[in-house]
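Being a predicted model, the structure only gives us computed values, none of them experimental. Numbering of ligands and ligand atoms starts at 1, following listing order.
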Amino acid sequence: MNVISVVTKPFPGQKPGTSGLRKKVKLFSQPGYLESFVQSIFDNLPDRQGKTLVLGGDGRYFNDVAIQIILRMAAAAGFGRVLVGQNGILSTPAASAVIRKRGAFGGIILSASHNPGGADGDFGIKYNLGNGGPANEGFTDAVYQRTQDISVYRQVAAEDIDLGRLGETRIGEMPVSVIDPVADYAALLESLFDFGRIANLLARPGFRMRFDAMHAVNGPYAHAILEDRLGAPAGTVVNGTPLPDFGGGHPDPNPVYAADLVAALADPKSGLSFGAASDGDGDRNMIVGRGFIVSPSDSLAVLAANHQLIPAYALGLAGVARSMPTSCALDRVAAELGIACYETPTGWKYFGNLLDAGKATLCGEESAGTGSNHVREKDGLWAVLYWLNIVAVREQPVEQIVREHWRRFGRNVYARHDYEGLQTAQAETLFAELRQKLPALAGSIVAGTRIKAADDFCYIDPVDGSRSERQGVRVILEDGSRIVFRMSGTGTEGATVRLYLERYEPDPARHEIPAGEALVSLAALAEKVARIAEISGRKVPDVIS
Ligand code: G1P
Ligand code: ZN
């Protein structure tokens with residue numbers, strides 16, 4: 001095989017964040033940048049010889065170019081075979097499903113998730129292990145170390161392959177299989193849910209759903225599963241063709257960026273009763289009822305509380321897990337079920353060990369990510385089918401299901417405020433000040449409220465004992481309300497500060513109060529404690545979800 005060694009240099013800042021390395025396309029596409037990072041991954045996989053690698057991405061700008069580069073490098077690195085999604089497409093959960101089903105050594109997923117795409121947008125890359133899940137911090141730290149002293153990358157001299165044609169081909173001497181990106185994943189989902197019942201629901205004259213793929217990767221998956229397999233009428237899936245720039249939009253399924261869907265469900269003339277959307281790489285979800293948005297933390301709790309209605313989970317849940325800033329609604333369900341509820345740092349990689357060890361069956365994050373042990377990633381369409389299965393069995397609209405849940409467990413009123421693109425120095429000042437205040441905060445009284453505890457979340461993995469520090473500042477009040485501050489690890493411009501607010505409301509008479517209103521005093525307290533507006537000059541957050 002004709003392997004060429006190319007001299008390269010360390011690029012600064014190739015440190016993977018919450019979910020892989022995310023940077024501007026302009027940075028990623030400069031000569032050697034992607035190559036240095038990929039070689040750093042391969043150099044940390046000493047056992048890769050002859051093994052199978054899965055490769056695909058969310059179809060964003062630069063996806064196709066990056067795939068051909070990685071194929072040439074994988075051949076030079078000695079992989080035995082690469083399974084690549086047709087046209088370079090694999091949603092994040094589908095990649096996880098393929099890795100697991102085909103017993104692959106690992107996989108490379110090209111995505112910057114919900115970040116905007118296009119030539120001026122973002123690109124991203126992450127490595128998943130043989131369990132189908134994101135590599136842990138130990139691995140990503142080692143990759144970062146390698147990027148700092150790399151001097152050469154290797155590739156074979158070979159032409160681009162035709163990614164449009166299914167079947168076997170070769171790059172250098174290495175076989176490449178171009179696979180159907182949907183088949184394995186769709187079969188897996190069909191094995192979990194009651195497709196017959198969901199099909200009946202979709203055929204009911206009074207029921208109409210819309211799935212907004214946001215011009216992102218889930219279009220082909222949703223067409224195949226919802227329309228072709230489950231018989232939803234053509235047109236159920238909108239914005240269903242993946243575009244390199246996501247149609248100029250921001251492929252994040254939240255009330256701001258999926259405002260069209262929310263408006264359609266709020267308009268009685270649309271006749272819609274169920275709405276859903278997913279993000280750039282298909283792992284996030286949003287569920288919308290008639291004039292009613294389900295908050296992601298509530299969604300996770302509702303899924304757990306209704307597990308007995310779903311064929312795959314009817315026999316019971318081993319345990320559940322949520323990221324630290326996710327609301328404690330899930331904990332209440334777990335307590336009633338008598339199962340463990342684990343609290344992990346933000347990012348799906350922390351759920352991997354719990355799922356592998358059989359300690360958790362369902363996991364989720366407040367950032368619109370839910371999933372189960374069927375793969376090792378969060379899974380947007382899985383969540384949509386889970387909800388459809390619940391609605392089909394309970395024969396109740398989405399809003400009623402959530403309101404009944406609140407009546408039974410109480411409502412964990414919740415909001416996340418994002419301050420995007422702050423100057424890095426301002427955000428650093430804010431957190432430095434906050435961390436300094438922590439010891440004195442506990443037990444003190446701020447704005448008339450006693451603070452019960454204040455700390456910087458530190459996680460010790462119950463399976464392998466690994467320690468992850470500085471995972472978000474928590475301020476817990478005497479009545480159990482929580483204020484959490486975190487710095488985003490996925491942004492590519494400046495710093496994004498997230499403020500998470502949560503208050504428990506047991507009184508059903510007060511469940512009608514909009515979250516914004518119910519959390520006003522908590523937001524004011526957060527400002528007293530952290531001075532976000534004062535330090536950053538931002539009076540209001542950019543996104544509230
Ligand atoms: C965000 C979310 C986090 C999620 C990640 C990847 O990370 O908050 O829950 O796992 O995207 O989708 P952040 O930007 O907050 O670091
Ligand atoms: Zn995503």
Would the [X] and [Y] ring centres measure less than 6.0 Å apart?
{"X": "Tyr257", "Y": "His250", "value": "yes"}
{"X": "Phe431", "Y": "Phe485", "value": "no"}
{"X": "Phe139", "Y": "Tyr127", "value": "yes"}
{"X": "Phe351", "Y": "Tyr342", "value": "no"}

Closer than 4.0 Å to some heavy atom of [X] - which atoms of ligand 1 meet that?
{"X": "Gly347", "answer": "10 (O)"}
{"X": "Gly489", "answer": "13 (P), 14 (O), 16 (O)"}
{"X": "Lys378", "answer": "4 (C), 6 (C), 10 (O), 12 (O)"}

Item checked: Top protein contact for atom 10 (O) of ligand 1, by heavy-atom distance -> Glu365 OE1, 2.7 Å
Check: At what distance is the nearest protein heavy atom to atom 1 (C) of ligand 1, and which residue and atom is it?
Finding: Arg284 NH2, 3.5 Å
Notebook entry, point to check: Do any of the N/O/S atoms of Thr92, backbone or side chain, fall under 2.8 Å from the Zn ion (ligand 2)?
Noted result: no
Notebook entry, point to check: Below 2.8 Å, any N, O or S contact between Asp58 and the Zn ion (ligand 2)?
Noted result: no
Next item on the list: Using the side-chain contact (heavy atoms from CB on, under 4.5 Å) rule, pick out the option among Asp180, Leu83, Leu55 that qualifies with Val98.
Entry: Leu83
Margin query: Can you give me the closest heavy-atom contact between Asp279 and Asp252, atom names plus distance?
Written below: CB-CA, 4.4 Å
Checklist line | Ser19-ligand 1 polar pair, N/O distance under 3.5 Å | finding: no
Check: Any N or O on Arg498 sitting closer than 3.5 Å to an N or O of ligand 1?
Finding: yes
Notebook entry, point to check: With the Zn ion (ligand 2) as the point of reference, which N/O/S atom of Asp279 is the closest?
Noted result: OD2
Checklist line | Atom of Asp283 nearest the Zn ion (ligand 2) (restricted to N/O/S, atom name only) | finding: OD1
Margin query: Heavy-atom distances under 4.0 Å decide this one: backbone, side chain, both or neither, for Arg416 against ligand 1?
Written below: side chain
Item checked: ligand 1 versus Ser367: contacting region, heavy-atom distance under 4.0 Å -> side chain
Margin query: Tell me every residue that passes ring pair (Phe, Tyr, Trp, His ring centres under 6.0 Å) with Phe409, counting only those two or more places apart in sequence or in another chain.
Written below: His405
Notebook entry, point to check: Can you tell me how far the CG atom of Asn239 sits from the CE atom of Met214, to the nearest 0.5 Å?
Noted result: 8.0 Å
